[in-house]
Amino acid sequence: MERRQFLKSSVVTGIAITGIGSAAFYSIDEIDKNTLTVSAAIKTLNNLPIQTLESSGQWSVYQIFSHCAQSIEFSMSAFPQHKSRLFKRTLGHFAFRAFESKGQMTHSLNEPIPGAPVITESFDPIMALNRLIQSLIDFDNYHQDLAPHFAYGELTKREYEIAHVMHLNNHLQEIRVNQLNIT
């Protein structure tokens with residue numbers, strides 16, 4: 001590829017990425033970032049009427065809670081697969097900063113963590129909820145180096161806390177209380 005053609009395609013790609021990123025940024029409503037804490041997340045989870053929850057998405061409640069727990073656990077150990085260094089330094093970094101500035105994220109709610117063990121849907125959601133709460137407690141008490149995020153790269157403890165709670169909040173949008181018909 002000629003240098004001129006490469007530069008042209010790079011500029012076009014950059015403009016497209018910026019446009020898509022800007023559209024995503026402006027389509028997300030801003031929320032109070034002070035609510036993005038482990039303690040607030042645990043309080044929300046403890047207040048869920050677990051016996052009557054159902055998912056409106058492709059994943060079961062068990063899968064959603066397990067997926068969120070996996071993400072938190074990987075931040076303390078290591079994510080199994082990563083996006084490229086270039087991705088993490090550009091799109092990944094930009095995406096996290098955009099989500100962080102708004103206090104919430106939006107992402108594909110049925111996309112597993114790259115390389116993570118497949119989560120079956122045949123287990124008890126209470127077990128997955130307990131795992132999720134324990135992973136949040138473990139994260140809150142964790143004082144060692146955190147693993148780089150598979151898409152965002154290096155994050156501080158507070159940035160990871162924000163990322164974990166935004167991630168959980170995004171997934172909670174697909175969980176609803178089943179209104180039981182009692183006659």
- Below 4.0 angstrom, N of the basic side chain to O of the carboxylate: do Glu73 and Arg131 qualify? yes
- Message: If only side-chain N and O atoms count, and only distance matters, is there a donor-acceptor pair under 3.5 Å linking Lys88 with His93?
- Response: no
- Message: With no hydrogens and no angle check, just 3.5 Å: does a side-chain donor-acceptor pair link Asn110 and Ser108?
- Response: yes
State, yes or no, whether a side-chain contact exists between [X] and [Y] at a heavy-atom distance under 4.5 Å.
{"X": "Ile113", "Y": "Phe79", "value": "yes"}
{"X": "Phe96", "Y": "Leu91", "value": "no"}
{"X": "Ile42", "Y": "Thr37", "value": "no"}
{"X": "Ile72", "Y": "Tyr160", "value": "no"}
{"X": "Ile119", "Y": "Pro112", "value": "no"}
{"X": "Glu159", "Y": "Arg97", "value": "yes"}
{"X": "Asn169", "Y": "Met105", "value": "no"}
{"X": "Thr90", "Y": "Leu86", "value": "yes"}

- Message: Could you go through Leu146 and Leu155, starting from their C-alpha distance and side-chain angles, then the distance that decides it, and tell me whether this counts as side-chain contact (heavy atoms from CB on, under 4.5 Å)?
- Response: CA-CA 8 Å; Leu146 293 163; Leu155 297 177; over 6 Å; no
Measuring from atom [atom1] of [X] to atom [atom2] of [Y], what distance do you get when rounded to the nearest 0.5 angstrom?
{"X": "Ile126", "Y": "Asp124", "atom1": "CD1", "atom2": "CG", "value": "5.0 Å"}
{"X": "Thr156", "Y": "Ile162", "atom1": "OG1", "atom2": "CD1", "value": "7.0 Å"}
{"X": "Leu168", "Y": "Cys68", "atom1": "CG", "atom2": "SG", "value": "5.0 Å"}
{"X": "Glu54", "Y": "Thr52", "atom1": "CD", "atom2": "OG1", "value": "8.5 Å"}
{"X": "Thr35", "Y": "Met166", "atom1": "OG1", "atom2": "CE", "value": "11.0 Å"}
{"X": "Ile175", "Y": "Leu53", "atom1": "CD1", "atom2": "CG", "value": "6.0 Å"}

[X] to [Y] - nearest heavy-atom pair and separation:
{"X": "Trp59", "Y": "Leu109", "answer": "CE3-O, 3.5 Å"}
{"X": "Gly103", "Y": "Leu36", "answer": "O-CD1, 3.4 Å"}
{"X": "Ala151", "Y": "Lys83", "answer": "CA-CG, 4.0 Å"}
{"X": "Phe74", "Y": "Ala147", "answer": "O-CB, 3.6 Å"}
{"X": "Pro80", "Y": "Ala116", "answer": "CG-N, 3.6 Å"}
{"X": "Val177", "Y": "Pro49", "answer": "CG2-CG, 3.6 Å"}

Looking at [X] and [Y], would you say the former's side chain and the latter's main chain have a donor-acceptor pair under 3.5 Å?
{"X": "Asp140", "Y": "Leu136", "answer": "no"}
{"X": "Tyr142", "Y": "Met76", "answer": "yes"}
{"X": "Gln63", "Y": "Ser60", "answer": "yes"}
{"X": "Glu161", "Y": "Arg158", "answer": "no"}
{"X": "Asn170", "Y": "His107", "answer": "yes"}
{"X": "Gln70", "Y": "Pro117", "answer": "yes"}

- Query: If two hydrophobic side chains count as joined below 4.5 Å and joins carry through other members, does Ile137 share a cluster with Leu132?
  - Reply: yes
- Query: When the ring planes of Tyr152 and His149 are compared, do they come out parallel, tilted or perpendicular, using 30° and 60° as the limits?
  - Reply: parallel
Please check if the number of heavy atoms outside [X] that lie under 6.0 Å from its [atom1] is greater than 12.
{"X": "Arg89", "atom1": "CZ", "result": "no"}
{"X": "Asn141", "atom1": "CG", "result": "yes"}
{"X": "Gln134", "atom1": "CD", "result": "yes"}

- Query: What about the rings of His67 and His167, do their centers lie closer together than 6.0 Å?
  - Reply: yes
- Message: Please tell me whether Phe139 and His164 form a close aromatic pair, meaning their ring centres lie under 6.0 Å apart.
- Response: yes
